[in-house]
Enquirer: 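A single structure is presented below for examination.
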Amino acid sequence: MKKLFSLLTLSVLTLNAQKMNDKKYERAILASGCFWGTEYHLKRIPGVVSTRCGYTGGHVPNPTYKQVCTGTTGHAEAVEVIYDPLKVNFETICKVFFETHDPGQLNRQGPDIGHQYRSAVFYLNEEQKKITEKLIEILRSKGHKVVTEVTPAGEFYPAEDYHQNYYDTKGTTPYCHFYVKKFD
């Protein structure tokens, strides 16, 4: 079963890479607590092509949900966002990221507690880093506490299938991610 999952994942990644090359899509990796709620909001942004829950920022290759939940792998629950830069830019995606969680909570989001639930932007290039840092400064100038990590992206490991599109599959909405306007 694990081999089949790996082959299916590889096929999907290959197709996504082909689509990205053909359409010039771009990628972002964001973590803001439980990846279900993060994905729920990010996938609704016009111009977002796809989202995928997964793990990044740790030291264990190919971690499982059970391993990440122990808090010992160093990974964060994160969402990979593939988007069309002709329809939406990284700054817009990053603003929604900051507006759908509390970036002032250290290693938690609502009832989810642990380093795996940290707020983090795993930037893929210097432009993403600069935009993130600019938005953090704007939030701080408005009196918001921000503990969001701004870290170079490493390997992104897709989460198990049952974590993908969780709220849409269940027909419910997030319990710890709410939209709050923070930018003008």
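What you see is a predicted model, and the numbers here were worked out from it, not measured in a lab. Any value given below was found using the heavy atoms of this structure, including those in side chains, with hydrogens, waters and symmetry copies removed.
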Enquirer: Linking I/L/V/M/F/W/Y whenever their side-chain heavy atoms sit closer than 4.5 Å, directly or via other members, would Ile93 and Tyr25 fall into one cluster?
Expert: no
Enquirer: Using modelled atom types only, decide if a donor and an acceptor are shared between the side chain of Asn165 and the backbone of Asp168 within a distance under 3.5 Å.
Expert: no
Enquirer: In sequence, state the C-alpha distance, the side-chain angles, and the governing distance for Glu39 and Thr51, and then conclude on side-chain hydrogen bond (donor to acceptor under 3.5 Å, both in side chains).
Expert: CA-CA 6 Å; Glu39 179 189 45; Thr51 56; 3.0 Å; yes
Enquirer: Which atoms form the tightest heavy-atom contact between Val88 and Pro46, and what is the distance?
Expert: CB-O, 3.4 Å
Enquirer: Going hydrophobic residue to hydrophobic residue with side-chain gaps under 4.5 angstrom, can you get from Leu42 over to Leu135?
Expert: yes
Enquirer: Taking the six-membered ring for Trp, are the ring centroids of His163 and Tyr65 within less than 6.0 Å of each other?
Expert: yes
Enquirer: Check this for me, if you would: do Asp112 and Arg118 make a salt bridge, where the nitrogen-to-carboxylate-oxygen distance has to be below 4.0 angstrom?
Expert: no
Enquirer: Restricting to non-hydrogen atoms, name the atom on Val121 and the atom on Phe97 that form the minimum distance, rounded to 0.1 Å.
Expert: CG2-CE2, 3.6 Å
Enquirer: To the nearest 0.5 Å, tell me how far Ser119 OG sits from Arg108 CZ.
Expert: 13.5 Å
Enquirer: State which residue, out of Glu80, Glu160, Glu77, fulfils the salt bridge (Lys or Arg N to Asp or Glu O under 4.0 Å) condition with Arg52.
Expert: Glu80
Enquirer: Between Gly33 and His177, what is the shortest heavy-atom contact and its length?
Expert: C-CE1, 4.4 Å
Enquirer: So do the side chains of Tyr175 and Pro111 get within less than 4.5 Å of each other, counting heavy atoms only?
Expert: yes
Enquirer: Between Lys145 and Asp102, does any side-chain N to carboxylate O distance fall below 4.0 Å?
Expert: no
Enquirer: Check Val49 against Asp84 and note the closest heavy-atom contact, atom names and distance.
Expert: CG2-N, 3.9 Å
Enquirer: For the residue pair Tyr166 and Trp36, does the interplanar ring angle fall in the parallel (under 30°), tilted (30 to 60°) or perpendicular (over 60°) class?
Expert: parallel
Enquirer: Indicate yes or no for a side-chain donor-acceptor contact from Gln164 to the backbone of Cys53 under 3.5 Å, with no hydrogens or angles considered.
Expert: yes
Enquirer: What's the spacing between Phe35 CZ and Leu30 CG if we round to 0.5 Å?
Expert: 14.5 Å
Enquirer: Taking the side chain as C-beta and beyond, is there a heavy-atom pair between Ser50 and Tyr83 under 4.5 Å?
Expert: no
Enquirer: Is Tyr167 linked to Val81 within one hydrophobic cluster, defined over Ile, Leu, Val, Met, Phe, Trp and Tyr using a side-chain heavy-atom separation of less than 4.5 Å?
Expert: yes
Enquirer: List the atom of His59, the atom of Gly74, and the distance in Å for their closest heavy-atom pair.
Expert: CE1-N, 3.9 Å
Enquirer: Same cluster for Ile82 and Val79 if Ile/Leu/Val/Met/Phe/Trp/Tyr side chains link at under 4.5 Å?
Expert: no
Enquirer: Tell me whether His75 contacts the main-chain N or O of Gly58 through its side chain, where contact means a donor paired with an acceptor under 3.5 Å.
Expert: yes
Enquirer: Apply side-chain hydrogen bond (donor to acceptor under 3.5 Å, both in side chains) to Ser32 and Thr38, showing your working.
Expert: CA-CA 6 Å; Ser32 62; Thr38 306; 2.6 Å; yes
Enquirer: Determine, for Lys130 against Glu133, whether the closest basic-nitrogen to carboxylate-oxygen distance falls under 4.0 angstrom.
Expert: no
Enquirer: Pick one: which of His41, His101, Glu99, Arg44 meets side-chain hydrogen bond (donor to acceptor under 3.5 Å, both in side chains) with Tyr179?
Expert: Glu99
Enquirer: Evaluate the side chain to side chain contact (heavy atoms under 4.5 Å, CB included) criterion for residues Ile113 and Asn107: first the C-alpha distance (whole Å), next the side-chain angles of each, then the deciding distance (0.1 Å), finally the verdict.
Expert: CA-CA 6 Å; Ile113 300 171; Asn107 296 330; over 6 Å; no
Enquirer: In plain terms, say whether Lys134 and Glu91 are close enough for a salt bridge, that is, a side-chain N and a carboxylate O under 4.0 Å apart.
Expert: yes
Enquirer: Roughly how far, to the nearest 0.5 Å, is the OH atom of Tyr123 from the OG1 atom of Thr132?
Expert: 9.5 Å
Enquirer: Nearest 0.5 Å, please: how far is SG in Cys34 from CD in Gln109?
Expert: 10.0 Å
Enquirer: Quick check, are the ring centers of Tyr55 and Phe156 under 6.0 angstrom apart?
Expert: no
Enquirer: Give a yes or no on this: more than 12 heavy atoms of other residues, nucleotides or ligands lie within 6.0 Å of atom NZ of Lys170.
Expert: no
Enquirer: Nearest 0.5 Å, what's the NZ-CD1 distance between Lys87 and Ile45?
Expert: 14.0 Å
Enquirer: Short question: side chain of His115, backbone of Thr73 - any donor-acceptor pair under 3.5 Å?
Expert: no
Enquirer: If every non-hydrogen atom of Phe178 is compared with every non-hydrogen atom of Pro174, which pair is closest and at what distance?
Expert: CE2-O, 4.1 Å
Enquirer: Is a side-chain N or O of Lys182 found less than 3.5 angstrom from the main chain of Phe98, in a donor-acceptor match?
Expert: yes
Enquirer: Between atom CZ of Arg27 and atom CG of Asn125, what is the distance when rounded to the nearest 0.5 Å?
Expert: 11.0 Å
Enquirer: Does one hydrophobic cluster hold both Val48 and Leu124, with members joined at side-chain heavy-atom distances below 4.5 Å?
Expert: no
Enquirer: Does Lys95 count as lying over the ring of Phe183, i.e. NZ or CZ under 6.0 Å from the six-ring centre, within 45 degrees of the axis?
Expert: yes
